Amino acid sequence: MPVLSRPTRREFLLGTAAGLAVTAGVGLSGRRVMAADTTLTVSGLDHAILPGTVTPDMMSFAADGPPPVLRLRRGQPFTVDVVNQLNEATVVHWHGLRIANAMDGVPYLTQPPIEPRQRFRYTLTAPDAGSFWYHPHCNTLEQMGRGLTGMLVVEDDENPGFDQDLPLNIRDFRLGEDGRFISFYRPRAAARGGTLGTVSTVNWAVEPVYDLPAGSLVRLRLAVTDMTRVGIYDLAGGAAQVIALDSNPLPRPMTPDGIILAPGQRADIALRMPDAEGETVTLNLRLPQGPKPLAHLRATGASARRALAELAPLTPNPIAEPDLANARILDFVFGWSPGGKPPVAGICGTLGYTFWSINRIAWDGDSPDPVAPLAVLKPGRSYVLRLRNETPNDHPIHLHGLTFRLLRSNKRPIPPLLTDTALLQSGETMEVALVADNPGDWAFHCHVIEHQKTGLTGYIRVEA
Ligand code: C2O
Ligand code: CU
Ligand code: CU
């Protein structure tokens, strides 16, 4: 059990964070802190998302509100008991964590689905610090659509000097004006870019306002847990820098203008709050019709007079550097394949269509008898994955259990980022590299969930 031997600055600050004022209607439950081993009760509930309405039949990882933020210590085992109180099977995946394959939460590939009223104990030992998230991998479109996306933070060994830490779980819901769910997708859209939501939220709230001490240093942890939307985000007001993407520190910070985040991706921003009481910083989604505010951060009290320069740089995660000179090249082609036979329904459901494929093979559904692995990798060897998108749509390609480095693209200059989810643009071929240092069968799929569920899924085997 991760126990802190002495009160750290972080603990003190998190303690004070619970006392922060938040505007009416916005609960703090989206940022509840779990400092020790925990239980997630996967539950149905009614909850107010659109002001003045109630959304029935939502799903959460808690019986009484939005999914809690899980906080782990790097390298220390953390047990999560998932108790399934839904009327259907589920399974929980920890997006971005390089953990043991048996804990990865993919039905049949790593464990049987958790049936109603059953429980499963996950033991997570995270080698990397950063911002992550968690979500089901069974009946995924509907379960995520109803609310099952939560944030997971792996703490740095040392706080680089932040006064506050604010996870922002960014996602849309598909709701009508009455606050009720509308269909989770449209087949026509699933065969193209995917079906967008109708209500944008942060931590399950529409345009929440967070009060934060004036002049203080805040670590904003953005995670796009949406099923579909590739968004461009801007932070307006205050002084700020993007310090990490997809859990990995950037060698050089970037300004938070035009941050492109696809489903599954994260950005950590170091923000220095304005000095004057009442001044606000706004997180905007860039839309063709103009910026759409998603959340506001309002300065309160006398200025703490901190400076971004006081922050220590983040420590890089211990990710093995691929040996490019001796790396084998593996080809993956992401294609359209309409008219294939629909995937098997099984316990974890199907949308009933096949539109997509990897290496010409469409995933045939979650079953005890899955298709063969797309590739078999030797332990400890380096590989270059050549990802070719022959479709006219963008696909955020996600690999479980391993972190890869972006090498090059035929379409644009790309920085050498470390990630688990890379946005592959239409017609783009991108090369990425990794060391196959985590054995197991690792799911490999598009994170537009409608694409994932209509064929654009497979897995890569790393031999033990
Ligand atoms: Cu976040 Cu298999 O995915
Ligand atoms: Cu994942
Ligand atoms: Cu896709």
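It should be emphasised that the depicted structure is a prediction, and the values quoted were computed from it without experimental measurement. Only heavy atoms go into these numbers, but all of them, side chains included; no hydrogens, no water, no symmetry mates. Note that ligands are numbered from 1 as they come in the structure, with each ligand's atoms numbered from 1 the same way.
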TODO: Determine which of the N, O or S atoms in His398 is closest to the Cu ion (ligand 2) and give its atom name.
DONE: NE2

- [ ] Measure from the Cu ion (ligand 3) to every N/O/S atom of His451 and report the name of the nearest one.
- [x] ND1

- [ ] Kindly state whether the ring of Phe404 and the ring of Tyr383 have centres lying under 6.0 angstrom apart.
- [x] no

Open item on the list: Taking 2.8 Å as the cut-off, does His447 contribute an N, O or S atom near the Cu ion (ligand 3), distance below it?
Closed with: no

- [ ] Tell me whether His95 has at least one N, O or S atom under 2.8 Å from the Cu ion (ligand 2).
- [x] no

Open item on the list: Quick check: His445 with His400 (ring centres under 6.0 Å apart)?
Closed with: yes

Open item on the list: Could you identify the N, O or S atom of His395 positioned closest to the Cu ion (ligand 3)?
Closed with: ND1

Task: Vertex atom 2 (Cu) of ligand 1, rays to NE2 in His137 and NE2 in His445 - rounded to 10° - done: 110°

Open item on the list: Would the distance check show the side chain of Ser409 and the main-chain N or O of Ile414 forming a donor-acceptor pair, the cut-off being under 3.5 Å?
Closed with: no

Open item on the list: I'd like to know if Glu450 and Arg186 make a salt bridge, using a cut-off of under 4.0 Å between side-chain N and carboxylate O.
Closed with: no

- [ ] Kindly assign one of parallel, tilted or perpendicular to the pair Trp133 and His135, based on the angle between their ring planes and the thresholds 30° and 60°.
- [x] tilted

Open item on the list: In this structure, is the centre-to-centre distance between the rings of Phe61 and Tyr134 below 6.0 Å?
Closed with: yes

Task: N, O or S of His400 under 2.8 Å from atom 2 (Cu) of ligand 1 - done: yes

